[in-house]
**Q** 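Handing you this structure, nothing more for now.
The analysis underlying the following values was restricted to heavy atoms, covering all of them including side chains, and did not include hydrogens, waters or symmetry mates. Chain letters run A, B, ... following the sequence lines, proteins first and then strands; every chain starts at 1.
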Number of protein chains: 2
Amino acid sequence: MKRVTLKEIGKQLNLSPGTISKALNDSHEIGEETKKMILAYTQQINYIPNFSAKSLKTGRSNTLAIIVPFISSSFFFDFYEDISLILAETNYKLILLQTFNDEKKEKEALELCVQSNIEGIIISPVKNDSSLPLLKYIMDQICPVIIFDRISHQLETFKIGIQNNRIIYQATAEMIKGGRENIILLLCKDIGGNTSRIKGYKDALFNFSIPFKQENVVEISYSSPKDDIDAELESKIGALLNSATPPNALLSSTDTLSLKVLHILHKLEIRIPEDMNLIGFSNTPFANSLNPSLTTIAQPTRLMAEKSVELLLHMLKKRNKKNYFEFETYFLDCRIEHRKSTSSVSAKNETSKRTI
Amino acid sequence: MKRVTLKEIGKQLNLSPGTISKALNDSHEIGEETKKMILAYTQQINYIPNFSAKSLKTGRSNTLAIIVPFISSSFFFDFYEDISLILAETNYKLILLQTFNDEKKEKEALELCVQSNIEGIIISPVKNDSSLPLLKYIMDQICPVIIFDRISHQLETFKIGIQNNRIIYQATAEMIKGGRENIILLLCKDIGGNTSRIKGYKDALFNFSIPFKQENVVEISYSSPKDDIDAELESKIGALLNSATPPNALLSSTDTLSLKVLHILHKLEIRIPEDMNLIGFSNTPFANSLNPSLTTIAQPTRLMAEKSVELLLHMLKKRNKKNYFEFETYFLDCRIEHRKSTSSVSAKNETSKRTI
DNA sequence: CTGAAAGCGCTTACAG
DNA sequence: CTGAAAGCGCTTACAG
């Protein structure tokens, strides 16, 4: 017994395959009676169409792709979930692809999209210029592309992200106002947004007349949250803590680093928030359950997802007049959610610090 | 400019499309010289084949599917990641589908697999008998199916899971030995493994001559970790805590519930582990960073993933002699990872308890 | 309102 | 070693 095809259904019902096809696609060419009859039969035998044939014929797949560095990062995960939920309301299916911050994997992922007749792509690219020719080709020939989060990528299209410098400025300034002037900025190496983040950090220091110390910017290189960077992180943080002027605050730019640093500070018996104030980046869903609960910079993930889908669907609707778009970059606002890792217990320290 | 096809490449190189196809598939029929020349040309123009055409012709897709209730649960997430990593070493691609514990969505997911010429399915089904006829049809006509985690499903195939009753017995017994006899068992409602879990719980109580109290088995109904069950959970746990004999231990059967209950116990100002010992189920990766660090029942996720892929590939190799398999169910061992939520601070309580 | 026929872009048995 | 041709299962312009 083989899978049933339109041809066989036609034979059973004494109709042509074309008629069955039209009926199943609810074509106005087919009579209501015939439609009902055909539908009843196909449901009874649980007819399941062959996507490859349909896709080959129509050149469409009804599928969008989301490409992220790694899904195990909570920001990308939340974003993916939001996109899934939004698309569940539409006819589009969604496939998830990971690049692991590897340009080669990114290229493979994009080629897979082309091979599979994907109709739209939402991507957070590996680097500012990664896969640029391929992305241009895809935009030109295949389907629209939206860039999110790592919006310093050079492709000309709609982009959705946040103003890293602004929110990092705000977080840094808050810590300074709380009496914490010796602040570690913890970054994942080689990420597009870092320049902007460092700028926000430096600007805040400058505005409060605090000298910038290069060694306080700690960059850790990893391509997946599962990478074993614990030892490197511990030694770098440890060295700073053992210096003549140990830092008393830390601003972590990714969830992965926040969790690891939390664990390491516990190990080193650094008290939080007393010895060290801590702010994490993006919204760890369990920030409340951490030890101590973690103050975070919450990204507007849901809004970003909504805007991404909206723009992608917008481009899909006008897919025939590609060159008429005025591409824009959207910056969405973050906000700081205060929890115990930056508790105002530090008020005491504030005065003491100021006298030093 | 359209996407380039084998036909056009053939025209460019004065060869037939068939020859190009054979060369790209490294057929022995084609001369080495010709192969090299063709490969050089297709790489230069970055030829990307059309999967739909290939899949339609061959009936294959080189793609496996993993179907889980929801990916936002850390056990399913870890399992998915492990499967991804293992398959990255093979030629198979992987698609992820979620059912949200909804039989209708499960049916849709399975139908999508059939439509897409998926070559193998690894599924944790919604219920013991969900999609049974469709799954049987798929096993019979389409591709092999492996069941994991929720292995009480009725489909006859290879299954990989854990012995819920045994590990719950062990965790319950440990708590009792630590002087905690009034133990809440927290379950996600309508999950196949619950019967087995409750059995392990009851057996442990029985062996230590502790009467079973039905009200201590708390079942919460949710279909996604994002469902808002906080109020229900808080009221149920709160009621037990306000009773004449408040529980002093809690065994949570899912990560989702562990995190929520941790948050709720903080709110209710219950001290952990002093007032309440806590054991979570499956391996929350950040168990160490929680407040307090959480003792967990760690599932052998990686092993389960490896065994699942191994069995699936085994069935794929012998796909022509379907009926010769001797299906087995594999039970992998869990272990308890002790952290502070069950700290031996309770030793004091132990004696006091025993005198009551 | 229904059908016959062409064709989407591949692969592959077959012929030479 | 290379090519001609059929065909996978759909959809759709066209004819009637």
Side-chain angles (χ1 to χ4, degrees), chain A residues 1-39 41-42 45-63 111-112 114-119 141-142, chain B residues 1-39 41-42 45-63 111-112 114-119 141-142:
Chain A
M1 203 171 96
K2 284 193 54 198
R3 256 179 79 186
V4 68
T5 65
L6 290 188
K7 201 167 141 193
E8 286 162 63
I9 295 175
K11 210 180 288 177
Q12 291 302 317
L13 300 181
N14 274 323
L15 289 166
S16 76
T19 303
I20 313 290
S21 169
K22 285 173 191 161
L24 291 179
N25 289 316
D26 203 23
S27 159
H28 61 275
E29 288 187 75
I30 306 295
E32 282 309 316
E33 284 302 291
T34 325
K35 262 186 206 167
K36 254 182 220 159
M37 190 266 285
I38 292 176
L39 222 71
Y41 182 74
T42 53
I45 64 163
N46 196 30
Y47 165 70
I48 302 176
N50 184 326
F51 262 9
S52 304
K54 182 169 189 162
S55 175
L56 173 59
K57 178 62 195 172
T58 62
R60 304 194 49 184
S61 67
N62 255 283
T63 305
E111 286 181 350
L112 182 67
V114 177
Q115 290 171 331
S116 311
N117 288 319
I118 290 295
E119 296 187 37
Q141 304 292 329
I142 311 287
Chain B
M1 201 172 97
K2 282 192 55 196
R3 257 180 78 185
V4 68
T5 64
L6 290 188
K7 202 168 141 192
E8 286 161 61
I9 295 176
K11 210 181 286 174
Q12 291 302 318
L13 299 181
N14 274 323
L15 288 166
S16 75
T19 304
I20 313 288
S21 169
K22 285 174 192 160
L24 292 178
N25 289 315
D26 202 24
S27 157
H28 60 275
E29 289 186 75
I30 307 295
E32 282 309 316
E33 286 302 291
T34 325
K35 262 187 208 171
K36 256 183 217 156
M37 188 267 283
I38 292 176
L39 222 69
Y41 180 75
T42 53
I45 64 163
N46 196 28
Y47 165 69
I48 302 177
N50 183 325
F51 263 10
S52 304
K54 182 169 189 162
S55 175
L56 174 59
K57 178 61 194 171
T58 62
R60 303 195 50 184
S61 67
N62 255 282
T63 306
E111 287 181 350
L112 182 68
V114 177
Q115 290 171 330
S116 310
N117 287 322
I118 291 295
E119 296 186 38
Q141 304 292 330
I142 311 290

**Q** Specify the separation, in whole Å, of atom CG of A:Leu15 and atom C1' of D:dT11.
**A** 16 Å
**Q** Would you mind telling me which of D:dG9, D:dG7, D:dT11 lies closest to the side-chain atoms of B:Lys57?
**A** D:dG7
**Q** Are the side chains of A:Tyr47 and A:Thr5 in touch, meaning some heavy atoms are under 4.5 Å apart?
**A** no
**Q** Between atom CD in B:Glu8 and atom C1' in C:dC8, what is the gap in whole Å?
**A** 13 Å
**Q** With respect to the phosphate group of D:dG9, does any side-chain polar atom (N or O) of A:Lys7 fall under 4.0 Å of OP1 or OP2?
**A** no
**Q** Let me know the distance between NZ of A:Lys22 and P of D:dC10, rounded to the nearest Å.
**A** 15 Å
**Q** For the pair made of CZ in B:Phe51 and P in C:dT11, what is the distance, rounded to whole Å?
**A** 10 Å
**Q** What does A:Thr34 touch in the nucleic acid at a heavy-atom separation under 4.0 angstrom: a base, only the sugar-phosphate, or nothing?
**A** sugar-phosphate
**Q** Hey, which sits more toward the 5' end of DNA chain D by its nearest nucleotide, B:Thr58 or B:Glu32?
**A** B:Glu32
**Q** Whole Å only: how far is the CD1 atom of A:Ile20 from the P atom of C:dG3?
**A** 8 Å
**Q** Consider the side chain of B:Asn25, meaning its heavy atoms from C-beta on, and name the nucleotide among C:dT11, C:dG9, D:dC10 that approaches it most closely.
**A** C:dT11
**Q** Ignoring backbone atoms, establish whether A:Thr19 has a side-chain N or O less than 4.0 Å from OP1 or OP2 of C:dG3.
**A** yes
**Q** Using the side-chain contact (heavy atoms from CB on, under 4.5 Å) rule, pick out the option among A:Ile30, A:Thr19, A:Leu24 that qualifies with A:Lys35.
**A** A:Ile30
**Q** At under 4.0 Å between heavy atoms, what does A:Gly18 touch on the DNA or RNA strands: base, sugar-phosphate, or nothing?
**A** base
**Q** I need the NZ-P distance between B:Lys11 and C:dC10, as an integer number of Å.
**A** 13 Å
**Q** Could you tell me if the side chain of A:Asn117 sits less than 4.5 Å from the side chain of A:Arg60, heavy atoms only?
**A** no
**Q** Would you mind reporting whether B:Ile48 and B:Asn46 have side-chain heavy atoms less than 4.5 Å apart?
**A** yes
**Q** Hey, is the side chain of B:Ser52 poking within less than 4.0 Å of OP1 or OP2 on C:dG9, counting only N and O atoms?
**A** no
**Q** From D:dC8, C:dT12, D:dT11, pick the nucleotide closest to the side chain of A:Ser21?
**A** D:dT11
**Q** Has B:Thr63 got a side-chain atom pairing as donor or acceptor with B:Ser61's backbone, closer than 3.5 angstrom?
**A** yes
**Q** Does the side chain of A:Tyr47 get closer than 4.0 angstrom to OP1 or OP2 of D:dG9 through an N or O atom?
**A** no
**Q** Give a yes or no answer on whether the side chain of B:Glu119 reaches the backbone of B:Asn62 with a donor-acceptor pair at less than 3.5 Å.
**A** yes
**Q** Can you tell me which nucleotide in D:dT11, C:dC10, C:dT2 comes closest to the side chain of B:Thr5?
**A** C:dC10
**Q** Closer to the 5' end of DNA chain D via nearest nucleotide, is it A:Asn50 or B:Pro17?
**A** B:Pro17
**Q** Between A:Asp26 (CG) and D:dT11 (P), how many Å, whole number?
**A** 13 Å
**Q** Identify whether any heavy atom of A:Asn14 sits under 4.0 Å from a base atom; if not, whether one sits that close to sugar-phosphate; answer base, sugar-phosphate or nothing.
**A** sugar-phosphate
**Q** Considering Watson-Crick and G-U wobble pairs with both distances under 3.5 Å, what does C:dG16 pair with?
**A** D:dC1
**Q** Measure the distance from CD1 on B:Ile9 to C1' on D:dG3 and round it to the nearest whole Å.
**A** 17 Å
**Q** Looking for any heavy atom pair under 4.0 Å, which part of the strands does A:Lys54 touch: base, sugar-phosphate only, or nothing?
**A** sugar-phosphate
